[in-house]
Participant: 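Structure below; questions to follow.
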Amino acid sequence: MTTAIAAPVSVRNRIGGELLPSAAGATFEVRNPAVAKEVTAIAPDSEPADVEAAVAAAEGALAGWAATAPPVRAAFLNKAAAILDQQVDGIAREMVAEMGKSLGDARNEVKRTADNFRLYAGEALRLQGTTFATDDPTVSVLTMIDPIGVVGVITPWNFPLSLASRKIGPALAAGNTVVFKPSSMTPLMGERLAGALETAGLPGGVVNVVHGFGAGSLVVADERVRAITFTGSTAVGRKIHAALGLGRRAQLELGGNNPVVVLNDAVPEKAASVIVRSSFALSGQACTGAGRVIIEESIHDAVIELVSEAAGKLRIGPGLGDGVDMGPLIDERAVDRMESVVTSALEAGARLVSGGRRLVGEPFDDGWFFPPTILADVTPNMEISCTEVFGPVIGFERVTSIDEAIARANDTEYGLTAAICTTDLASAQRFARECEAGVVRINRPTIGTSLSAPFGGIKMSGTGTHKEQLGPTVMDFYTQQRTVFMGS
Ligand code: NAD
């Protein structure tokens, strides 16, 4: 079975509690990455009037939602979480049809989304100010915590539910209202998330959803939107940062070019399993996925052989297939990009160990499938080393020391995640101290997040100052603080 959707789902914008087409009636189609002839969803291609109406609705709902008691806000989030829990399988199957990941990964994402809503429901109850020492005993000095206003939420397609819940959850918990622009690859998942909140009874206008290719920049351009929380590519993040200017906040979680460093003392089998998971999970389409293996000479051949063997056993196919490890890529452009990254590496002197060309034959002809691909003899100047690949292609670069390995790992404008495989504690500690990445993993794959630990990149992988899931300071981005001197 390759699909869960009998007919395309018609998705609408959600504005002020109403489901609406775009003002001009324009639409766009989303195709199933495993069966490209199949249309999964048809969504409105919004224009300025639609975004204007969504922001106005969010602004109109703000006073009421900000005045809603935190335990009541928390109850809405908890109820939406329970609704998602009841719909795990149905939503997961639609997610597979819309963006291609395997059913197991999709189910986990729906569950994580519900967990995120519960996490932020708790944060609504923990919002707190502080009192300060003062030299005047007749005055109390304290901080008050307020929502910031209308928050724009702009998300990518690769985790279409959970990333949005990590933004909408804390925004609502703090008393903000939201204009949500899901990826134009995944409007249906955007609708399912907003739908769960509406079914939970969230008042109209508190979360508004606008779809379409130009909608994101229109949300950013509207000065009534006081903060933008964005996850996506560094290129788009740059544009958003420039457009916001002074006085409006940006939380930007961006792309990566993540390395796995393997030292001579690593256990080859362990290193191979770390690499396979880092590079090929989610078909390489995770922001935390690794495109680079930086490896010491004497362990190189053993590890590349083990990785190649393990990659050969990965089951590739439509995400609903039994035991599928790797689904399709998101679209034709992604497949073209993988082929071009491989070609340019080979032209520059790399050696192809396995994969390298789009998959053909049954069931691959209908969709956008690319195999796990391993390149050896990669050097730092090649495209695969310098850019985010965002697909199942990995390049092995040889080094002769830990100094060289760390220098190579850091030789990128990005700084999202980085892993090291070693049995030497001193090397692990040194890597943790010196590697320039927001998330460092020792003998663990570059991918994966914890529910509540700080997550986000440094350098060009994120704004850094406003990471997501920031432990005790997670709500800072979504709140503003005022200092009050209270005399009598
Ligand atoms: P993208 O940057 O192309 O799009 C992200 C979102 O921005 C989409 O909703 C898109 O419609 C919107 N958008 C496009 N142009 C815009 C503009 N000018 N103004 C405002 N919004 C605009 O990214 P994508 O292809 O959807 O996702 C893949 C990228 O996301 C990769 O680079 C990946 O590394 C990154 N990503 C990062 C993280 C993280 O946590 N750091 C997580 C997931 C994905």
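Just so you know, these numbers come straight off a predicted model, no measurement behind them. Ligands are counted one by one from 1 in listed order, and the atoms in each one are counted from 1 as well.
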Participant: Under a 4.0 Å heavy-atom limit, does A286 contact ligand 1 with its side chain, its backbone, both, or neither?
Facilitator: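 None of A286 does.
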Participant: When you compare ligand 1 with S461, is there at least one nitrogen or oxygen pair between them that comes in under 3.5 angstrom?
Facilitator: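 In fact, backbone or side chain, S461 has no N or O that close.
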Participant: Tell me: protein heavy atom nearest atom 12 (C) of ligand 1, and distance?
Facilitator: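 The closest one turns out to be I154 CG2, 3.7 Å.
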Participant: Checking side-chain contact (heavy atoms from CB on, under 4.5 Å) between V179 and each of V150, L218, I228, which is the one that passes?
Facilitator: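 Per the side-chain contact (heavy atoms from CB on, under 4.5 Å) rule, the option paired with V179 is V150, out of V150, L218, I228.
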Participant: If we ignore hydrogens and angles and just use 3.5 Å, is the side chain of N13 paired with the main-chain N or O of P44 as donor and acceptor?
Facilitator: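 Between the backbone of P44 and the side chain of N13 there is no qualifying donor-acceptor contact (under 3.5 Å).
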Participant: Students should be able to answer this: which protein heavy-atom is nearest to atom 27 (O) of ligand 1, and at what distance?
Facilitator: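 For this ligand atom, the closest protein heavy atom is P156 CB, 3.2 Å.
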Participant: Does ligand 1 have an atom that lies less than 4.0 angstrom from a heavy atom of G462?
Facilitator: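 Heavy atoms of G462 never come under 4.0 Å of ligand 1.
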Participant: Under 4.0 Å from a heavy atom of F230: give me the atoms of ligand 1 that qualify, with their elements.
Facilitator: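 Listed by number with element: 2 (O), 5 (C), 6 (C), 7 (O).
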Participant: Is any side-chain heavy atom of H211 closer than 4.5 Å to a side-chain heavy atom of P182?
Facilitator: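 The answer is yes, as the side chains (C-beta and beyond) meet within the 4.5 Å cut-off.
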Participant: Using a strict 4.0 Å threshold on nitrogen-to-oxygen distance, state whether R93 and D89 make a salt bridge.
Facilitator: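 Looking at D89 together with R93, the answer is yes, because their closest N to O distance falls below 4.0 Å.
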Participant: Relative to ligand 1, is F213 under 4.0 angstrom through side chain, backbone, both or neither, heavy atoms considered?
Facilitator: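 None of F213 does.
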Participant: Counting non-hydrogen protein atoms only, what is the nearest one to atom 43 (C) of ligand 1? Give residue, atom name and distance.
Facilitator: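 Nearest neighbour among protein heavy atoms for atom 43 (C) of ligand 1, to 0.1 Å: N158 OD1, 3.3 Å.
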Participant: Taking the side chain as every heavy atom from C-beta outward, state whether F230 and K167 have any pair of such atoms under 4.5 Å apart.
Facilitator: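 Heavy-atom side-chain distance check fails, nothing below 4.5 Å.
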Participant: Just so I know, are the side chains of I91 and M189 near enough to count as touching, which here means a heavy-atom distance under 4.5 Å?
Facilitator: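 Side-chain contact under 4.5 Å: yes.
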Participant: Heavy atom under 4.0 Å from ligand 1: found in I240's side chain, backbone, both, or neither?
Facilitator: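 For I240, the contact with ligand 1 is made by the side chain alone.
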Participant: Identify the closest protein heavy atom to atom 35 (C) of ligand 1: which residue and atom is it, and at what distance?
Facilitator: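 Protein heavy atom at minimum distance: G232 O, 3.3 Å.
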Participant: In ligand 1, which numbered atoms sit nearer than 4.0 Å to a non-hydrogen atom of P182?
Facilitator: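 This gives 9 (O) as the contact atoms.
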Participant: Got an N/O contact under 3.5 Å between W157 and ligand 1?
Facilitator: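 There is such a contact, yes.
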Participant: What atoms of ligand 1 come closer than 4.0 angstrom to any heavy atom of L416?
Facilitator: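 This gives 41 (N) as the contact atoms.
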Participant: Any chance you could measure S279, atom OG, to N258, atom CG, to the nearest 0.5 Å?
Facilitator: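 Those atoms lie 10.0 Å apart.
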Participant: Got N208 and R14 here, is their nearest side-chain heavy-atom distance under 4.5 Å?
Facilitator: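 Side-chain contact under 4.5 Å: no.
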Participant: Before accepting this row, confirm whether a basic side-chain N of the pair D85/R118 lies closer than 4.0 Å to the acidic partner's carboxylate O.
Facilitator: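 Judged by the 4.0 Å cut-off on N to carboxylate O distance, D85 and R118 do form a salt bridge.
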Participant: Salt-bridged, E383 to R337, with N to O below 4.0 Å?
Facilitator: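 Salt bridge flag = yes for R337 with E383.
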Participant: Look up atom CG in N410 and atom CZ in F431, then write down how far apart they are to the nearest 0.5 Å.
Facilitator: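 If I round to the nearest 0.5 Å, the distance is 7.5 Å.
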Participant: In the protein, what heavy atom is nearest to atom 36 (N) of ligand 1, and what distance, to one decimal place, separates them?
Facilitator: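 Looking only at protein heavy atoms, the one closest to atom 36 (N) of ligand 1 is C287 CB, 3.4 Å.
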Participant: For ligand 1, which atoms, with element, lie under 4.0 Å from some heavy atom of G216?
Facilitator: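 Per the distance check, 19 (N), 20 (C), 21 (N).
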Participant: Counting each atom of ligand 1 from 1 as listed, which ones have a heavy atom of G255 under 4.0 Å away?
Facilitator: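 Reading through ligand 1 atom by atom, the close ones are 32 (O), 34 (O).
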Participant: Give me the residue, atom name and distance of the protein heavy atom closest to atom 41 (N) of ligand 1.
Facilitator: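 Protein heavy atom at minimum distance: L254 O, 2.7 Å.
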Participant: Kindly assign one of parallel, tilted or perpendicular to the pair F390 and W157, based on the angle between their ring planes and the thresholds 30° and 60°.
Facilitator: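 Correct class here is perpendicular.
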Participant: Quick one: does F159's side chain get under 4.5 Å of T449's, heavy atoms only?
Facilitator: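 No, their side chains stay 4.5 Å or more apart.
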Participant: Is there a nitrogen or oxygen of F455 sitting under 3.5 Å from a nitrogen or oxygen of ligand 1?
Facilitator: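 Such a contact does not occur with ligand 1.
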Participant: State whether the shortest distance between N or O atoms of T155 and N or O atoms of ligand 1 falls below 3.5 angstrom.
Facilitator: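 Yes: some nitrogen or oxygen of T155 is under 3.5 Å from one in ligand 1.
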Participant: I'd like to know if T234 contacts ligand 1, where contact means a heavy-atom distance under 4.0 Å to any ligand atom.
Facilitator: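 False for this residue.
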Participant: Does any non-hydrogen side-chain atom of L375 lie less than 4.5 Å from one of L352?
Facilitator: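 L352 reaches L375 side chain to side chain.
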Participant: Is the shortest side-chain heavy-atom distance between L197 and L172 below 4.5 Å?
Facilitator: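 They are in contact (side-chain heavy atoms under 4.5 Å apart), so the answer is yes.
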Participant: Any nitrogen or oxygen of E388, main chain or side chain, under 3.5 Å from a nitrogen or oxygen of ligand 1?
Facilitator: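 It does: an N or O of E388 is found under 3.5 Å from an N or O of ligand 1.
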Participant: Which of the atoms in ligand 1, numbered in the order shown and given with their element, are less than 4.0 Å from a heavy-atom of F390?
Facilitator: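 Once the distances to F390 are compared, the set is 28 (C), 31 (C), 33 (C), 34 (O).
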Participant: Considering only protein heavy atoms, which is closest to atom 22 (C) of ligand 1, and at what distance to one decimal place?
Facilitator: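 Among all protein heavy atoms, the one nearest atom 22 (C) of ligand 1 is V236 CG1, 3.5 Å.
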Participant: Considering only non-hydrogen protein atoms, determine which one is nearest to atom 23 (O) of ligand 1 and report residue, atom name and distance to 0.1 Å.
Facilitator: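 Answer, as residue, atom name and distance: S233 N, 3.6 Å.
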Participant: Under 4.0 Å from a heavy atom of L163: which atoms of ligand 1 are those, numbered in the order shown and with their elements?
Facilitator: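 That gives atoms 42 (C), 43 (C) of ligand 1.
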